[in-house]
Structure formats: C-alpha cells, structure tokens
Amino acid sequence: EQSTKDTITKNEVSPVEVVLTDEQIKSIDLQTGSIEQRNLKSTIKVNGKLMLPPQNQAQVSILTGGIVKSIDVTEGSFVKQGQTLATIVNNEVIQLQQDYLENKSQLVYLQAEFKRQKELQEDRINATKTLQQVQNELCMAQAKQKGLQTKLELQGINATNISTTNFTNRIAVTAPISGFIHHINLTMGKFADANTILFDIVDNRFLHLDLTLFEKDISKVKIGDKIMFTDANDASHTHSATIFSLNKSFEDNQQAILAHAKIEGITETLLPGMYVEARVKIDNTNTKALPTEAIVNNGNDH
C-alpha cells in the first residue's frame with residue numbers, strides 16, 4: 001500500500017479519493033466533521049416465520065358419520081369454544097339413547113334388589129352367593145351406564161335430559177377452541193364421514209415468531225430482547241416483538257436454533273406461515289460512528 005501512495009504525484013488524485021472545488025463545496029453546503037466514539041444499539045438480522053402453537057389451531061371431525069342438516073358458520077368468521085358449527089343427522093344415536101334409558105331402568109331395579117338382598121343377608125335368611133351375584137350385576141350395570149353416558153356426551157348429547165319422548169337423531173359439531181374458521185369441508189345434504197376433517201380453525205391472536213438464529217449469534221441474544229420485523233410481502237410496515245424462549249438444541253441439518261418471540265399488537269395483515277425479516281436489538285456497544293447523512297448511497301454501494 002505504501003508503494004502505491006509513493007507513485008501518486010502532486011498533480012494526481014488517488015482513485016479512492018473525491019476532489020471537490022470550492023464552488024462545489026459551497027453549492028452542496030458540504031460540512032465536515034470527525035469520526036466519533038458512540039454507544040450504539042446494534043442489531044442482528046435474522047429471518048423467520050409466523051407460527052401458531054398447536055393448541056391454538058384445530059381440525060374438527062366427528063366420531064359417527066351422518067347427513068349434513070345445517071351449516072351454521074362461514075369461512076373467515078370468528079367462533080367461540082363450544083359454539084355449534086354444523087348439525088349432522090344420524091339415526092344410530094337413537095339406539096344409543098334407547099340403550100341408555102333401558103340400562104338406567106335396570107340400574108334402578110338392581111339397586112333396590114341389592115338393598116333387599118343385603119338386608120336378608122344381615123338377617124341370615126338368604127345365601128351369600130345370592131347377594132354377591134346381585135352385587136356383580138349392579139357393578140356391571142353401573143359401568144355400562146357410565147360408558148353409555150360418555151358416548152352420548154362425545155356426540156354432544158346431554159344424557160341427563162334424555163327421556164322416551166325426546167330422542168334426537170341430530171349431532172351438533174362444536175368448536176373445540178375459539179378462533180377463525182379457516183376452511184369448511186361440508187355441503188348441505190352431503191354425507192359426512194367419521195374422522196374426516198370438516199372444519200379448520202385457527203386462533204391468530206396467539207401468533208408468534210420462529211426466528212432462525214445461527215451459531216455465531218446465539219451468545220448475543222437473550223430472552224427479553226426486543227425485535228422489529230416486517231413480513232416479506234410488506235416491508236413498509238414494521239411490527240415489534242419480544243423474545244420469550246430460545247431452543248436448547250440445533251435444528252436438523254443446520255447449525256442454528258429457533259428463537260421464539262411474542263408479537264406486540266397483532267394486526268389482521270399477519271397470518272400463519274408468513275415469512276418475515278427481523279432485526280434483534282442487542283446490547284449497546286462503543287464503536288466508531290458517523291452521522292447517517294455522512295454516508296453516500298448509490299444502489300447497493302455505500
């Protein structure tokens with residue numbers, strides 16, 4: 001480098017220097033200053049993706065197939081947990097209700113019979129075997145009653161309200177979580193198969209960032225660090241977030257971990273699966289600095 005400088009004569013200008021005349025300096029109002037030591041908030045550029053926790057997204061299906069009688073929601077609408085999404089007609093649930101009532105009646109008889117046989121046993125009138133047999137039948141009926149009640153509840157039918165005059169053949173498909181209806185896989189009159197996904201629900205209120213943090217930057221980032229990010233489709237709007245968790249092992253096939261960040265003030269423009277560009281604000285560092293106005297930009301050159 002020294003030998004290069006020696007070749008430059010007084011009348012020559014180094015190719016890395018810019019020379020301005022007095023008139024040019026005056027016309028652009030050029031001001032000069034010195035490079036200073038400043039405490040600057042540095043950032044790390046990272047890429048990531050908007051994600052939803054598994055407990056905030058749901059695929060809704062039914063245990064027993066049937067004909068679609070009604071669809072009570074539309075795609076994009078918000079539903080609350082337990083809200084009816086559709087009604088399915090299935091005649092098999094009538095038999096389930098009948099079995100429940102028959103077993104309920106048998107249970108009442110066996111409870112009375114067990115009480116009677118127990119009193120006879122205390123007076124040593126009947127055989128012990130008779131009491132044991134009634135007790136066994138009572139236990140079996142109680143277990144069957146509990147099983148039938150659980151099956152009815154899984155179909156959305158309240159067993160305590162069943163009587164011989166109000167059997168129903170309709171099954172209500174309800175929302176397991178609150179959220180927005182993402183997709184409806186139903187049409188009126190269609191046969192809905194058991195275990196087929198009928199609705200997709202997402203709760204975007206719990207969106208968070210999964211950021212890829214490479215090995216060289218892991219030690220610089222900690223829980224509580226602030227983030228500014230933009231989604232890949234709209235760089236003009238920035239959003240803020242805060243890191244709440246750092247994975248403790250590398251991702252498959254790369255020397256990087258995932259940093260999870262909670263979004264502050266979610267807007268409707270942010271959707272699950274969007275890619276984002278983010279800058280993590282790390283600790284202040286003392287470094288040589290210039291005012292932003294001192295840097296001349298020409299495309300990607302600075």
Side-chain angles (χ1 to χ4, degrees), residues 53-73 79-179 181 185-186 188-201 203:
Q55 61 268 32
N56 297 114
Q57 49 187 320
Q59 294 179 325
V60 185
S61 60
I62 51 176
L63 296 175
T64 306
I67 303 297
V68 180
K69 186 68 176 179
S70 69
I71 302 172
D72 304 320
V73 294
V79 296
K80 293 182 178 180
Q81 184 177 9
Q83 181 176 332
T84 299
L85 308 178
T87 303
I88 306 296
V89 173
N90 182 299
N91 290 330
E92 292 179 12
V93 295
I94 294 179
Q95 183 62 51
L96 195 60
Q97 294 165 83
Q98 181 179 333
D99 292 343
Y100 176 82
L101 285 185
E102 290 177 354
N103 191 76
K104 185 178 180 179
S105 178
Q106 177 71 4
L107 189 58
V108 171
Y109 164 75
L110 288 172
Q111 287 171 335
E113 179 65 11
F114 175 74
K115 183 179 179 181
R116 188 174 71 87
Q117 292 294 337
K118 190 174 182 181
E119 290 173 350
L120 292 174
Q121 176 67 26
E122 291 173 352
D123 295 335
R124 300 184 182 278
I125 297 175
N126 65 342
T128 303
K129 182 178 180 181
T130 304
L131 176 64
Q132 291 175 339
Q133 183 176 355
V134 173
Q135 185 177 17
N136 180 58
E137 292 176 359
L138 175 61
C139 290
M140 291 176 62
Q142 288 173 332
K144 184 177 180 181
Q145 189 77 349
K146 188 65 178 177
L148 289 169
Q149 182 178 342
T150 302
K151 288 181 179 180
L152 287 167
E153 289 174 352
L154 289 173
Q155 302 288 5
I157 299 173
N158 188 346
T160 58
N161 295 333
I162 296 175
S163 69
T164 54
T165 59
N166 69 349
F167 280 1
T168 179
N169 63 351
R170 298 193 178 189
I171 301 170
V173 182
T174 58
I177 63 169
S178 297
I181 301 295
N185 184 30
L186 282 179
M188 293 294 293
K190 176 183 177 181
F191 184 86
D193 291 313
N195 301 319
T196 298
I197 297 171
L198 307 181
F199 298 90
D200 283 323
I201 302 176
D203 193 350

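Hydrogens, waters and symmetry mates are skipped; everything else that's a heavy atom, side chains included, is used.
- Among all heavy-atom pairs drawn from Leu186 and Ala192, the shortest one is CD2-CB, 4.0 Å.
- By the 4.5 Å heavy-atom criterion applied to side chains, Val79 and Phe199 are not counted as neighbours.
- Between Gln59 and Asn185, every side-chain heavy-atom pair lies at or beyond the 4.5 Å cut-off.
- Looking at every heavy atom in both residues, Pro176 comes nearest to Gln81 through O-NE2, 3.1 Å.
- Here the shortest heavy-atom pairing between Met188 and Lys69 reads CE-O, 2.8 Å.
- Shortest non-hydrogen contact noted between Ile67 and Gly189 is CG2-O, 3.7 Å.
- Heavy-atom minimum distance, Asn103 versus Leu148: CB-CD1, 4.1 Å.
- The shortest side-chain heavy-atom distance between Leu107 and Leu138 falls under the 4.5 Å cut-off.
- Glu113 and Arg116 are joined by a salt bridge, as a carboxylate oxygen and a charged side-chain nitrogen come within less than 4.0 angstrom of each other.
- From Thr64, atom OG1 reaches atom CG of Asp193 across 11.5 Å, with rounding to the nearest 0.5 Å.
- Contact between Ala194 and Leu63 at its shortest, heavy atoms only, is CB-O, 3.3 Å.
- In this model, a donor atom of one side chain and an acceptor atom of the other lie less than 3.5 Å apart for Gln95 and Asp99.
- Note that the CD atom of Gln133 and the NZ atom of Lys129 stand 7.0 Å from one another [nearest 0.5 Å].
- Contact annotation: the side chain of Gln117 approaches that of Leu120 to within less than 4.5 Å [non-hydrogen atoms, C-beta and beyond].
- Residues Val173 and Thr87 form no side-chain contact, since every pair of their non-hydrogen atoms from C-beta on lies 4.5 Å or further apart.
- A distance-only check finds a donor-acceptor pair linking the side chain of Asn90 to the backbone of Gly65 [under 3.5 Å].
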Next item on the list: Using the side-chain hydrogen bond (donor to acceptor under 3.5 Å, both in side chains) rule, take Gln97 and Thr168 through it: C-alpha gap first, then chi angles, then the decisive distance, then the call.
Entry: CA-CA 8 Å; Gln97 294 165 83; Thr168 179; 5.7 Å; no

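- If you take CG on Leu154 and CD1 on Ile62, they are separated by 13.0 Å, rounding to the nearest 0.5 Å.
- Under the 4.5 Å side-chain criterion, counting only non-hydrogen atoms from C-beta, Leu96 is not in contact with Glu92.
- Atom CG of Asp200 is separated from atom CD of Gln57 by 9.0 Å, given to the nearest 0.5 angstrom.
- Under the 3.5 Å distance criterion, the side-chain polar atoms of Asn169 are left unmatched by any main-chain donor or acceptor of Val93.
- Residues Gln145 and Tyr100 meet the side-chain proximity criterion, which asks for heavy atoms closer than 4.5 Å.
- Atom CZ of Phe191 is surrounded by more than 12 heavy atoms from other residues, nucleotides or ligands within 6.0 Å.
- No side-chain heavy atom of Ile162 sits under 4.5 Å from any side-chain heavy atom of Lys104.
- The line from CZ of Phe167 to CD1 of Ile157 is 10.0 Å long, rounded to the nearest 0.5 Å.
- Interatomic distance, CD1 of Ile181 versus CG of Leu85, reported as 5.0 Å (0.5 Å rounding).
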